[in-house]
2 protein chains.
Amino acid sequence: MKDKPRADRRTNPLTRDVIVQASVEILDAAGERALTFRALSAHLSTGAGAIYHHVASKSELLTAVTDEVIAGALHHGDDEVEPEQAIRAVMLDVFDAIDAHPWVGAQLAAEPWQPAVLRIFNRVGVSLEALDVPEGFQFDATSALVHHILGVAGQYAAGARLTGPDADRSAFLGAVAAQWATTVAADEYPFLARIAKMLSEHDDREQFRAGVDLILAGIAALR
Amino acid sequence: MKDKPRADRRTNPLTRDVIVQASVEILDAAGERALTFRALSAHLSTGAGAIYHHVASKSELLTAVTDEVIAGALHHGDDEVEPEQAIRAVMLDVFDAIDAHPWVGAQLAAEPWQPAVLRIFNRVGVSLEALDVPEGFQFDATSALVHHILGVAGQYAAGARLTGPDADRSAFLGAVAAQWATTVAADEYPFLARIAKMLSEHDDREQFRAGVDLILAGIAALR
DNA sequence: CGAAGTGATGGAACGACGTTCCAAAGCAAG
DNA sequence: CTTGCTTTGGAACGTCGTTCCATCACTTCG
């Protein structure tokens, strides 16, 4: 036992998990641009070299942090409800995780086949098997659902990055819509001009859910 | 007229278009990581300051370059064929553009509401209006299609970035699948384990098209 | 109980990047 | 020719990811 004299140096051992947790705190508090090895060093009262002893690179750290959040978000049970509801629950779990941590969306959209994506892919696929989807169609159907997540993730996360951590999203979208109405020529972009007003009023979560409904209806029609 | 003595300084004027074209060449030849203001300066035989006189920042340059490629890819006519075929044509045009320039995919997935995305969004929406989609549903339906593009874009582009400009994609996917079979525990990721073998054989373009079919079938079912 | 070894630590240093700054050069107007 | 404005290009700045290495704490063995 080393109860007292263990000095002040390394009272808590600086493990990979500690680094990941600190990264989540920095990312949530100040956004993805704020996560640097210098900020991390300061936050952990250590040097960059010590961090590199536990983590190979920044991209490896980002995938680990992303997987941490996604794994925590997928704690829904998947064998109790009917399969279609299970899929909806998983999809919304991921959306809510991105909503709570916009940097997760950026990371999911940027890195292919990273552990977090595999986790989502598998989870969606498992729920999809319970439907009467033929085996040759399961891959395409699961991919469509996952791509929908990733597409929304990229746009949503990037939007949140532009607005800042606490800005009003509907105000931001209203500004975008206003810019459409002025900058964008109505004759060049007729569809945009017509739905510009809907943009500021729409609910991202509802739109995401509508997309899920669309894909599920397509699966039901084509299976 | 200044036909001869125009000297060596101002032989060709270094305009914004010249910079965009040079950027496309660098990106296509060496990937997105190769596009730096130093490489651009060398390629154009100038200095960084001169470039900044025509372009505000690197991200502005990237959005301009992306819009250039997407605008060139959307030259399909949209008023001659039946609307559903028009949508398929637009979707595949964008996919093929991303296939030819993987960095476009990364950029599309990263920046929200950039001009290139608006261009795609409007084009899909215009074609969608010709279907019997009720007005309140057009926004959600168009968003689902665009999100599908963006989701695929991010994954596909990032995959191409990992493999390099000329590597064999199916070989890369085979390696990913092999890693699934070994690293990923079959009991933890049952669906992935079962589908791993399909990954190396699948055709990305066909899978993208299957996703489009899925969403279109969903639109037809819900409208 | 002390010596030797091993992994962890943290800070300095490196190269590359985006961006800014500024002096020189071209060109148009008086 | 002179004056003023735009364009040019290269030097310089600050920050980043990453590498390197001297030092330290702790275990293991004689």
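Only this structure's heavy atoms are used, side chains among them; waters, hydrogens and symmetry mates stay out. Since we're looking at a predicted model, the values are computed, not measured. Reminder, nothing fancy here: chain letters follow the sequence lines and each chain counts from 1.
Rounding to the nearest 0.5 Å places CG of B:Leu40 at 10.0 Å from CD of B:Glu25.
DNA chain D is contacted by B:Ser45, B:Thr46, B:Gly47, B:Ala48, B:Gly49, B:Ala50, B:His53, B:His54 of residues 43-59 of chain B, taking any non-hydrogen atom closer than 4.0 Å. Residues from residues 32-42 of chain B lying near DNA chain C, meaning a heavy-atom separation below 4.0 Å, are B:Leu35, B:Thr36, B:Phe37, B:Arg38 in numerical order.
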Quick one: side chains of residues 143-150 of chain B, donor-acceptor pairs under 3.5 Å with protein atoms, not counting sequence neighbours, listed by atom name and distance.
residue	atom	partner	partner atom	Å
B:Ser143	OG	A:Gln207	NE2	2.5
B:Ser143	OG	B:Phe139	O	2.9
B:His147	ND1	B:Ser143	O	3.1

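For residues 36-70 of chain B, the set of pairs meeting the ring pair (Phe, Tyr, Trp, His ring centres under 6.0 Å) definition, not counting sequence neighbours, comprises B:Phe37-B:Tyr52. Within the structure, salt bridge (Lys or Arg N to Asp or Glu O under 4.0 Å) pairs that include any residue of residues 95-108 of chain B comprise B:Asp96-B:Arg205 (at least two apart or interchain).
Atom CG in A:Leu14 sits about 18 Å away from atom P in D:dC24, given to the nearest Å. Between the CG atom of A:Asn12 and the P atom of C:dG10 there is a distance of 10 Å, given to the nearest Å.
With 3.5 Å as the limit, one finds no donor-acceptor pair spanning the side chains of B:Gln155 and A:Glu111.
Annotation: B:Tyr156 is not in aromatic contact with B:Phe208 [ring centroid separation under 6.0 Å not met].
Take A:Asp93 and apply the salt bridge (Lys or Arg N to Asp or Glu O under 4.0 Å) test, not counting sequence neighbours, and it matches no residue.
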Discussion item. For B:Gln107 and B:Glu32: C-alpha separation, side-chain torsions, deciding distance, then whether side-chain hydrogen bond (donor to acceptor under 3.5 Å, both in side chains) applies.
Written reply: CA-CA 9 Å; B:Gln107 180 60 21; B:Glu32 37 185 329; over 6 Å; no

